[in-house]
Protein chains: 2
Amino acid sequence: MDISWDDMRTVMCLVRGGSLAAAAQELGLNYTTVARRITRAESDLGGKLFDRLADGYQPTDAGLLVASHAEQMDRQVDTLMRELQGRDANLLGPLTITAPQLLIAHVLTPVIDQFCGAYPDIDLHVRATNDLLDLNRREADLAIRISRDPGDSLKGVRLTAQQSASFATPALARAIADDPTSPIDWIVYADYAAVPKNVDSSYPNHRIRMTFDDMVAIRAAAQAGLGVARMPLFLGHASHGLVQVPVLPPQPYPDIWVVAHRDVWAAAKVMAFREMLVPFMRGRRAQFVA
Amino acid sequence: MDISWDDMRTVMCLVRGGSLAAAAQELGLNYTTVARRITRAESDLGGKLFDRLADGYQPTDAGLLVASHAEQMDRQVDTLMRELQGRDANLLGPLTITAPQLLIAHVLTPVIDQFCGAYPDIDLHVRATNDLLDLNRREADLAIRISRDPGDSLKGVRLTAQQSASFATPALARAIADDPTSPIDWIVYADYAAVPKNVDSSYPNHRIRMTFDDMVAIRAAAQAGLGVARMPLFLGHASHGLVQVPVLPPQPYPDIWVVAHRDVWAAAKVMAFREMLVPFMRGRRAQFVA
DNA sequence: ACGAAGTCATGCGAAAACGCGTGTATTTGC
DNA sequence: GCAAATACACGCGTTTTCGCATGACTTCGT
């Protein structure tokens, strides 16, 4: 009784994905190959691992058992890859970084450009997303994050403090200045569906006009003159058609960090990027705090 | 950067075995296949894993790193296999047991015969060795051992207590009886190279005639009349041409246990064997203690 | 009710992996 | 010092694995 390690990986992916097609995509294979490997694994182990139902492969208890051990093996492989990467002294090959979309668009573009110019043999992949990619699973090698601490198994340095403030169109800003007591329409973030605290007491009336779950949309709404939005200073200042309004004085906002997994922190490519990024961000402190 | 899990296993086996041929044998492959897989692994990881020296493949630091993680994965596979085996309710297929050679030869043969007759669909493999096989690595499913406790991650029940005593040829036994003060020649076990403690005080003179590292050889020497040997009662009584001599009264000796890994303890085949073995041994208590 | 999108099974040809045989270099043993 | 043994590289033919195409079947949404 023996089983191929790759077949175990296949079982794991099939349990994860729930269908042959999904597993095949994760493995970069054709789904018929996945089906054949599952059949082979079952005959090797001498028992069914999946029930073939009309809507997909349903793992049996034995299948789940195999998959759970394969998950452990998968973590070993991830760790190995990170450790090998951390030992890599070469400044060539792939490097994947991730950062929030708007930070890339309005702040990081120059340093990314500078980096690509300085290290032409490194092919840089930039994943601009608001999702926190899993650095354990090597979804990215290095991340620039807006948060209050670097995180569990990650290592990081703080790039800069940040503040937020209120922004609106010039026309709306004038209207508010003319009549501070009129109700102020807010466009707020879904996670924080309330008028910001610490608003200036000169503006007593507030109401929430709309709630978005995306900062790009919030900014667009503010630019359309639909109301006042709270956003980090760097974003408000960089947005055409928006001016800062004194409704909300500059407030503390989560810091910007550069983080990486401990294992890859010392990798040459990761270090090279950090050494360019840190002074770049430190020199632009004025963009982030008043 | 990705690597096949089976290639990791190949790297592990090559580090273990030290040569392509050894690794290939462990994997059940031709050694050229091992060589190809190593080359592929190196190109996948983008670095050398082995130095090709004249006397074999010498792992680099990176190779050792890969192998160490593969070892962890190998343990996962072993655990999985044991867990699957522990869930196996069928009374068919392979079952491997191990016991000391002499215990099999002089005690266990009847119960083994009985078991094979009762479960003809189980193909029983018996590994008669004095080496302690690694039940974690599934070198055997069930072991009958002479020791003072079942062990770390293993589960076991005590089959019987045991005693040892002194044995010699009838001629030598008579000579000793005639003149208890003449020097008594001992044939002793290498691990315990001394005259046994607690010898009867009627026999004041002792000397070690020879030392062996194997009980079969000790018994043969005793049977050849070369001296007195200490051995477990079951062995002395079962050995032609040997009689018990009163030089060493019956002494405590390590118990006999049946042990298995916790994961496989409840497997149907393992239970079936235990359920036949335990009453068999309990009913033969007289063979082991005076 | 019916088409669209999803699931999986099966058969065939292409591609990759594999085992075998041969040849070379080094080490081991007599 | 020479033969045998061990360890590896390379090339060739076979076996196995794989991807694609086709078809059956179920589910979902209009």
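Note on naming: letters A, B, ... go to the chains in the order of the sequence lines (proteins, then strands), and numbering restarts at 1 for each one. Remember, it's a predicted structure, so these values are computed and weren't measured experimentally.
Classification of E26(A) and R137(A) as a salt-bridged pair fails, no side-chain N sitting under 4.0 Å from a carboxylate O. Taking the charged nitrogens against the carboxylate oxygens, K269(B) and D141(B) have no contact shorter than 4.0 Å, which rules out a salt bridge.
Here the nucleotide nearest the side chain of R40(A), chosen from dG19(C), dG19(D), dT17(D), is dT17(D). Taking the side chain of S19(A) as heavy atoms from C-beta on, and the options dC20(D), dT7(C), dA9(D), the nearest nucleotide is dT7(C). In the set dG11(C), dA9(C), dG21(C), the nucleotide with an atom closest to the side chain of Y57(A) is dA9(C). Counting only heavy atoms from C-beta on, A21(B) has its side chain closest to dA7(D) among dG19(C), dA9(D), dA7(D). Of the listed nucleotides (dA9(C), dC20(D), dA9(D)), dA9(C) has the atom at the smallest distance from the side chain of A35(A). Residue L20(A) has its side chain nearest to dA9(C) when only dA9(D), dG11(D), dA9(C) are considered. Taking only side-chain atoms of T32(A), from C-beta outward, the nucleotide of dA9(D), dG11(C), dT10(C) with the closest atom is dT10(C). Each of dA9(D), dA9(C), dG19(C) was ranked by its minimum atom distance to the side chain of R52(A); first place goes to dA9(C).
Residue N30(A) places at least one side-chain N or O under 4.0 Å from the OP1 or OP2 atom of dC20(D). Contact annotation: R37(A) side-chain N/O to dC18(D) OP1/OP2 distance is under 4.0 Å. Contact between the side-chain N/O atoms of T33(B) and the OP1/OP2 oxygens of dG19(C) is found at a separation under 4.0 Å.
We find that CD1 of I38(A) is positioned 18 Å from C1' of dT10(C), with the value rounded to whole Å. Look at CD on Q58(B): it is 14 Å from C1' on dA7(D), rounded to the nearest Å. One atom, CD of Q25(B), and another, C1' of dT6(D), lie 14 Å apart when rounded to the nearest Å. Distance CG (L27(A)) to P (dG19(D)): 10 Å, rounded to an integer number of Å. As a whole-Å value, the separation of D6(A) CG from dC18(D) C1' is 14 Å. Distance CG (D7(A)) to P (dT16(D)): 16 Å, rounded to an integer number of Å. One can place CG of L53(B) at 13 Å from C1' of dT27(C), the figure rounded to the nearest angstrom. When the C1' atom of dA9(C) is taken as reference, atom CZ of R36(A) falls 11 Å away, rounded to whole Å.
Looking at E42(B), its side chain does come within 3.5 Å of a backbone N or O of F50(B) through a donor-acceptor pair.
Nearer to the 5' terminus of DNA chain C, by closest-nucleotide assignment, is the contact made by Y31(A) (compared with the other of D55(B) and Y31(A)).
Taking the side chain as every heavy atom from C-beta outward, V66(B) and L80(A) approach each other to under 4.5 Å.
A donor and an acceptor atom, one from each side chain of H69(A) and E83(B), are located under 3.5 Å apart.
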